[in-house]
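Read the structure below first, then the notes.
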Amino acid sequence: MTDTRFDPSQADGRWQRAWEEAGIFHADSNSNKPKSYVLEMFPYPSGRIHMGHVRNYTMGDVLARYKKMRGHEVLHPMGWDAFGMPAENAAMEKGVHPGGWTRENIANMKAQLKRIGFALDWSREFATCDPEYYGQEQSLFIDMYEAGLVYRKESEVNWDPVDMTVLANEQVIDGKGWRSGAEVEKRKLNQWFLKITDFAEDLLDGLSGLDNWPDKVKLMQENWIGKSQGLRCTFRFVDSDHGIEVFTTRPDTMFGASFVAIAADHPFAQAQAEHVPALAEFIAECKRGGTTAAELETAEKMGFDTGYSVEHPLAKHWHLPVYVANFVLMDYGTGAVFGCPAHDQRDLDFARKYDLPVTRVVADGDETASEFRGDVAYTGPGRIVNSEWMNGMTVDEAKAAVIAKAEHDGWGQGETQYRLRDWGVSRQRYWGTPIPFIHCDTCGVVPVPKNQLPVELPEDVDFSTPGNPLLRHPTWKHVECPGCGGKAERETDTLDTFTNSSWYFLRFASQPADKPFDPEEVAKWLPVEQYIGGIEHAILHLLYARFWTRALQRMGHLDFAEPFASLFTQGMVTHETYTVTRPPTNEERQIFGWEDEAAHQSITQYLTPAEVEKRGERAFWIDPDGIEREVEIGRVIKMSKSKKNTVDPDNIIDTYGADAARWFMLSDSPPERDLPWSEAGIEGCGRFVQRLWRLFGQYDAGASGEDKALTRKLHQTIAAVAEDIEALNFNKAVARIYELTSVAEKAAPSAARSEAIAGLMKLSSPMMPHLAEEAWHRAGFAGLIAEAAWPDHDPALLIEDEVTIAVQHMGKLRDTLSAPKGASKEDLEALALASEKVQRSIDGAEIRKVIVVPDRLVNIVT
RNA sequence: GCGGGUGUGGCGGAAUGGUAGACGCCGGGGACUUAAAAUCCCCUGAUCCUAUAGAUCGUGUGGGUUCGAGUCCCACCACCCGCACCA
């Protein structure tokens with residue numbers, strides 16, 4: 001290795017070994033230093049590390065290394081969210097075992113992570129598919145059951161009648177199973193649920209204390225929990241004691257009601273369907289199509305008139321028709337609503353379609369007419385009109401009045417509802433945590449005794465036939481009942497993988513063999529000081545983790561409620577897409593049957609960045625026949641296999657080294673925004689690594705002499721980089737380091753310059769640790785820079801003594817002047833008026849006002 | 001449909017209501033070299049122009065508040081993300 005070029009292929013591995021041998025990233029829970037727990041969302045072992053992982057873990061790594069330099073004892077662990085569907089898909093497609101496939105992926109990805117030089121405590125590594133982990137999860141699940149937080153109920157799933165399996169929403173494409181292509185049915189199964197709704201109010205309240213969470217995440221969780229206050233009331237069938245219970249958040253619009261609508265799976269609809277074939281058919285129609293909220297709500301509004309009528313609670317003689325409607329959800333409220341078309345868009349769409357009355361009951365400004373025109377509902381505030389005794393009230397007054405009347409007259413009561421639903425955790429799949437329960441004809445549902453945990457997954461499973469392998473396994477499910485000793489069967493559902501990620505951060509802090517965690521050890525590290533991950537987890541994962549932590553607190557396992565003190569959600573790594581349009585090959589013509597068709601004379605395919613040669617603004621591809629074709633450069637979008645716009649981190653590290661890749665991940669884009677990957681960008685980072693290396697080589701311990709300007713710049717940079725890293729503004733810290741590098745390069749040799757160079761080694765070491773170690777060592781410093789202290793800065797040097805004053809005339813910049821820091825307003829005004837350029841602009845006009853902002857600006861108003 | 005976000009040069013972006021474009025990339029010009037690579041230096045928002053100077057315009061669109069708006073307010077447009085069995 002020569003001194004003029006930094007060689008990452010040698011240095012990276014050498015320093016990674018040095019760190020490992022010195023064990024400097026092992027977190028010592030008995031240390032009396034202040035503790036920092038830095039955590040990035042652990043990866044699913046899909047096979048290869050992708051750039052999104054690199055970005056995520058580089059951010060956490062910079063913070064972890066920085067905290068260590070600031071004298072903290074840092075816990076920075078890594079593990080594997082190892083259960084999930086891709087492993088079962090691989091088993092079906094490639095005939096491999098999900099466990100073997102997963103273990104192999106973990107080994108590969110771990111090797112990849114190690115090459116990037118992350119400051120991780122690998123001694124705490126685990127995978128959620130380890131029986132030592134999921135066995136403890138089973139134990140916690142049983143605790144939750146005993147605490148009344150687990151229950152079973154019927155719930156609908158997507159059922160593929162050909163593959164005989166439950167499908168995830170993402171496996172349902174246009175209402176059909178992704179593999180079989182069969183029409184997906186909705187089927188009811190008895191499933192396990194966690195009572196997250198018990199904590200709805202608590203989870204909502206807790207958000208206000210999360211000062212270091214992004215507002216957008218808190219807002220999304222707030223909307224997800226969806227607290228609303230309203231009225232639950234009964235609309236009685238005409239001449240009957242029975243009725244339909246309705247929940248509404250708009251009791252103020254009750255006099256505008258024109259129909260009652262119930263969900264397709266509402267008990268009354270179900271009961272009627274038994275003797276009304278047309279209704280049964282309508283309900284079946286509603287059941288076709290997807291189950292996702294987006295699909296339900298964008299579907300065309302459809303209704304079925306049951307022929308029944310109900311009495312309006314405020315006017316018995318007033319009868320409303322009862323419809324079954326596809327836009328009413330059984331999961332929310334009571335599964336029934338009253339429709340007030342004038343003031344709700346969905347109700348209006350429905351009323352117009354079925355020609356129902358539309359009556360205005362809230363004034364839209366001066367518009368009070370009872371007849372409502374147009375197809376846009378009025379949902380704003382206003383006075384109540386056309387509503388008998390409520391006329392003139394505000395919306396809020398009317399809400400309170402109706403609730404009070406309902407409670408007084410006994411036909412309803414005020415109620416708080418949440419949009420949040422209980423969490424269905426049953427999955428009819430193999431590769432997950434087995435639910436530790438046993439079904440006995442005599443004793444019912446019985447938990448597996450804790451001394452029999454873990455309930456391990458059987459290894460000998462077969463994926464060649466459809467259905468859940470646990471259900472089909474010849475022996476696994478047959479057990480003795482722990483209660484009566486009779487014949488019984490294991491539960492064959494497994495837990496949703498979100499349960500695995502709902503407490504892993506506790507297990508990193510403490511992993512005893514005989515219990516899920518040791519509360520005292522956990523208390524030393526938790527809550528996580530900084531959690532970093534993708535915005536896609538803003539709701540589900542983060543809400544479930546908050547829920548588990550609260551549940552564990554309620555059960556006495558923990559004494560805190562919030563797991564993550566600070567949260568940061570980073571953006572995605574994106575890349576251009578490349579497509580080429582070419583004639584089909586003979587083989588393709590045969591496959592698609594296009595031998596003679598003129599219509600199919602070309603095929604458009606995606607190309608990977610590696611296949612494309614870029615020349616300036618254009619791009620080209622040599623096809624298999626050696627013909628060069630122009631490539632169309634498409635939009636910059638998230639890296640994904642299907643669009644082939646991915647870049648493999650291993651290739652980047654081979655070419656540029658780990659530090660260049662890390663530097664790129666931190667440069668330019670703010671961390672919360674998307675980062676567009678480009679070849680030019682990584683090349684620039686590679687050049688900067690070498691540039692720093694040359695500068696570091698000029699460190700001279702024997703140099704003497706001052707350089708006040710450089711020293712000032714160094715101290716300003718130390719303070720700014722620290723501030724930027726703590727705020728996770730890595731792109732700004734990077735810009736600061738570029739600036740100091742440029743200044744130091746140009747400075748003449750001096751003791752101050754050597755100090756600046758040594759300072760730069762430290763400032764850049766969290767980002768480019770291998771380069772920094774190598775330079776530190778070459779400069780003759782003892783020890784590892786990873787263990788060095790962050791440099792101090794002198795606050796006095798942060799203040800400039802000369803400032804530039806902008807001079808404006810009517811808000812437009814006319815001149816800039818230099819003035820001493822802290823100059824008086826009078827002096828600045830005089831200085832500004834003395835400017836020839838300013839005088840030319842004023843051109844003799846009368847000066848009406850002069851605004852002076854000390855140390856910044858003078859604005860002259862004429 | 002509901003919820004959340006983003007929008008500034010050719011590109012990524014910077015800017016406590018106070019000099020818009022820091023820093024990086026791309027591009028152009030030059031130095032060094034037999035040459036190339038590497039490196040270094042200079043220029044680089046648009047338009048006008050009598051060109052080392054000067055003027056006008058310019059932060060998605062249209063309004064507003066203010067001495068002064070990328071930043072605050074109102075309305076709109078475009079794009080992206082999430083929507084409960086993907087992780």
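Every chain is numbered from 1, with letters handed out A, B, ... down the list of sequences.
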Any A/Lys732 side-chain nitrogen or oxygen under 4.0 Å from OP1 or OP2 of B/A15: yes
Of A/Val853 and A/Leu219, the one whose closest RNA chain B nucleotide lies more 5': A/Leu219
Measure the acute angle between the ring planes of A/His541 and A/Phe498, then classify it against the limits of 30° and 60° as parallel, tilted or perpendicular. parallel
Over 60° means perpendicular and under 30° means parallel, so tell me whether A/Tyr738 and A/Phe688 are parallel, tilted or perpendicular. tilted
Looking at B/C26, I'd like to know if its phosphate oxygens (OP1 or OP2) sit under 4.0 Å from a side-chain N or O belonging to A/Arg687. yes
Using a strict threshold of under 4.0 Å (side-chain N to carboxylate O), is an ion pair present between A/Arg427 and A/Glu88? no
Please classify the nucleic acid contact of A/Phe498 as base, sugar-phosphate, or nothing, using heavy-atom distances under 4.0 Å. base
Does A/Gln191 reach a base, just sugar-phosphate, or nothing at all? Heavy atoms under 4.0 Å. base
Can you tell me if A/Thr497 touches the phosphate of B/A87, counting only side-chain N or O atoms and a distance under 4.0 Å to OP1 or OP2? yes
Taking the six-membered ring for Trp, are A/Phe83 and A/Tyr134 parallel (under 30°), tilted (30 to 60°) or perpendicular (over 60°)? tilted
If the C1' atom of B/A35 is compared with that of B/U50, how far apart are they to the nearest Å? 45 Å
Residue A/Leu420, side-chain heavy atoms: nucleotide from B/A84, B/G4, B/C67 that is nearest: B/A84
Side-chain N or O of A/Arg673 versus OP1/OP2 of B/G7: is the shortest distance under 4.0 Å? yes
Regarding A/Ser742 and A/Arg691, is there a side-chain donor-to-acceptor distance under 3.5 Å anywhere? yes
Across every strand shown, the nucleotide meeting Watson-Crick or G-U wobble geometry with B/C86 (both distances under 3.5 Å) is none
Go through B/C67, B/G5, B/A20 for me and flag the one nearest to the A/Asn859 side chain. B/C67
Taken to the nearest whole Å, CG/A/Leu495 to C1'/B/A87 is 16 Å
Would you mind classifying the nucleic acid contact of A/Ser426 as base, sugar-phosphate or nothing, using non-hydrogen atoms under 4.0 angstrom? base
Does a side-chain N or O of A/Lys812 approach OP1 or OP2 of B/C57 to a distance below 4.0 Å, or not? yes
G-U wobble or Watson-Crick pairing nucleotide for B/G3 (cut-off 3.5 Å, both distances): B/C81
Return the pairing partner of B/C76 with a 3.5 Å limit on both distances, Watson-Crick or G-U wobble; otherwise return none. B/G60
Please work out if A/Gln428 contacts a base, only the sugar-phosphate, or nothing of the nucleic acid, heavy-atom cut-off 4.0 Å. base
Which part of the nucleic acid, if any, lies within reach of A/Ser667 when heavy atoms closer than 4.0 Å are counted: base, sugar-phosphate only, or nothing? nothing
Return the value, rounded to whole Å, for the distance between atom CZ of A/Phe664 and atom C1' of B/G13. 13 Å
To the side chain of A/Arg840, which of B/G18, B/C67, B/G54 is closest? B/G54
Mind checking the P distance from B/C77 to B/G62? Whole angstroms is fine. 15 Å
Using a distance-only criterion (donor-acceptor N/O pair, under 3.5 Å, no hydrogens), is the base of B/C25 paired with the side chain of A/Glu679? no
Starting from the 5' end of RNA chain B, give me the residue, A/Ile860 or A/Ala806, whose nearest nucleotide shows up first. A/Ala806
Once you apply a heavy-atom cut-off of 4.0 Å, does A/Pro43 come out as touching a base, just sugar-phosphate, or nothing? nothing
NA contact type, A/Lys638, heavy-atom cut-off 4.0 Å: base, sugar-phosphate, or nothing? nothing
Do A/Lys195 and A/Asp422 sit within salt-bridge range, that is, some charged N less than 4.0 Å from a carboxylate O? no
How close do A/Leu348 and A/Pro341 get, counting heavy atoms only, and between which atoms? CB-O, 3.1 Å
Consider the side chain of A/Leu857, meaning its heavy atoms from C-beta on, and name the nucleotide among B/U19, B/C23, B/C85 that approaches it most closely. B/U19
Check every strand shown and say whether A/Arg346 touches a base, only sugar-phosphate, or nothing at a heavy-atom separation below 4.0 Å. nothing
Quick check on B/G3: is either OP1 or OP2 less than 4.0 Å from any side-chain nitrogen or oxygen of A/Lys216? no
Please state the P separation for the pair B/U59 and B/G9 - nearest whole angstrom. 9 Å
Can you find a donor-acceptor N/O pair under 3.5 angstrom joining the side chain of A/Asp668 to the base of B/G12? yes
Any donor-acceptor N/O pair, A/Gln345 side chain to A/Ala377 backbone, under 3.5 Å: yes
Identify whether any heavy atom of A/Ser46 sits under 4.0 Å from a base atom; if not, whether one sits that close to sugar-phosphate; answer base, sugar-phosphate or nothing. nothing
Side-chain donor/acceptor contact of A/Arg736 with base of B/C23 under 3.5 Å: no
Who does B/A31 pair with, Watson-Crick or G-U, both distances under 3.5 Å? B/U39
If the C1' atom of B/G7 is compared with that of B/G21, how far apart are they to the nearest Å? 16 Å
A/Asp215/A/Lys218 salt bridge by N-O under 4.0 Å criterion: yes
How would you label the contact of A/Lys301 with the nucleic acid (heavy atoms, under 4.0 Å): base, sugar-phosphate, or nothing? nothing
Quote, to the nearest angstrom, the P distance that separates B/G60 from B/G12. 13 Å
Is A/Arg421 near enough to B/A84 that one of its side-chain N or O atoms lies under 4.0 angstrom from OP1 or OP2? no
What does A/Arg419 touch in the nucleic acid at a heavy-atom separation under 4.0 angstrom: a base, only the sugar-phosphate, or nothing? base
Nearest of B/C23, B/G12, B/U19 to any side-chain atom of A/Arg856? B/U19
Heavy atoms only, 4.0 Å cut-off, all strands: where does A/Asp815 land among base, sugar-phosphate and nothing? nothing
By the 4.0 Å heavy-atom rule, please label A/Glu536 as base, sugar-phosphate, or nothing. base
Nearest to the side chain of A/Glu739 - B/C23, B/G13, B/C40? B/C23
Where does B/G9 land, syn or anti, given syn is within 90° of 0? syn
Minimum-distance nucleotide to A/Ile851 side chain [options: B/G4, B/A87, B/C67]: B/C67
What is the nucleic acid contact for A/His537, judged by heavy atoms within less than 4.0 Å: base, sugar-phosphate only, or nothing? base
Phosphate OP1/OP2 of B/C23: any A/Asn731 side-chain N/O under 4.0 Å: no
If I pick the P atom on B/G82 and the same atom on B/U65, what distance separates them, to the nearest angstrom? 41 Å
When the distance from CZ of A/Phe547 to C1' of B/A84 is rounded to whole Å, what number comes out? 14 Å
